[in-house]
Every structure is written in C-alpha cells, then in structure tokens.
Amino acid sequence: MYGTTPHPEGITKPAIDDLLSKVDSKYTLAVYGAARARQINSYRWELKAGEGNLSHIGPLVPASAEDKPLSVALEEIAQDKLRMTPRGE
C-alpha cells in the first residue's frame, strides 16, 4: 500500500468504539480518563519521592513506567477495572 500505514497510530488500543461502549458519551470518557490519569501520575510521583506515604492507587492493569498515564487509564476503563459514578452519588 502506498501512502497509508497498515497499523495506524494514536488511540487504537483500546479501540475507541470499545471505550465508548463503557460510558454514555465521549465527554464522560475524557473526564473520567483524565481524572484517573492524574491519579496514576500522582501515584508515580509518590513512588519517586520514596517517602513511603502512598495516598493514590497505582495502575490496575499491567503497565510499565514508560506507559503514559492516560493510556493506562483508558486500558483500565476498557477492561472494566473502574467503577465510574458521577459526583454526588
């Protein structure tokens, strides 16, 4: 094939269609994914600090230190590792 890539890059794993089937809208996916990514990022910073006081939960799926927090968060959503509830419930 000329000019195309057989393996597209970007959000392809997990597939966006699979992710959207787990939430009610793409906006909800963005908010929940970003919130969980911030938690994972904070967890990693706590590990680097090495003080032993961990207040955040680490990745719920196998992930290396090189994996981006948002990718890990989206994988958790795809594998139903998170229970997402709106605030106030």
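With contacts defined as side-chain heavy-atom distances shorter than 4.5 Å, the pair Asp80/Lys22 qualifies.
For Asp24, the side-chain hydrogen bond (donor to acceptor under 3.5 Å, both in side chains) partners two or more places apart in sequence, or in a different chain, are Thr28. Take Gln79 and apply the side-chain hydrogen bond (donor to acceptor under 3.5 Å, both in side chains) test, not counting sequence neighbours, and it matches Glu75.
Once rounded to the nearest 0.5 Å, the distance linking CZ of Arg44 with NE2 of His56 reads 13.5 Å. Atom OG of Ser71 and atom CD of Glu66 lie 12.5 Å apart (nearest 0.5 Å).
Side-chain heavy atoms closer than 4.5 Å link hydrophobic residues (I, L, V, M, F, W, Y) into clusters, and following such links, possibly through other members, connects Ile16 to Tyr32. Clustering ILVMFWY residues whenever any of their side-chain heavy atoms sit less than 4.5 angstrom apart, transitively, puts Leu47 in a cluster other than the one holding Ile40. Put simply, Val61 and Ile57 are part of two different groups of oily side chains (I, L, V, M, F, W, Y) that touch within less than 4.5 Å, one to the next. Cluster annotation: Tyr43 is not connected to Leu70 through the hydrophobic network of ILVMFWY side chains, with a link wherever side-chain heavy atoms come within less than 4.5 Å. Cluster membership check: Leu60 does not share its hydrophobic cluster with Val72, using side-chain heavy-atom separations under 4.5 Å among Ile, Leu, Val, Met, Phe, Trp and Tyr.
Shortest non-hydrogen contact noted between Gly33 and Ala73 is O-CB, 3.6 Å. Residues Leu29 and Leu19 share a closest heavy-atom pair of CD2-CB, 3.8 Å.
Applying the salt bridge (charged side-chain N to carboxylate O under 4.0 Å, His left out) test between Glu76 and each of Arg36, Lys81, Arg83 identifies Arg36 as the sole match.
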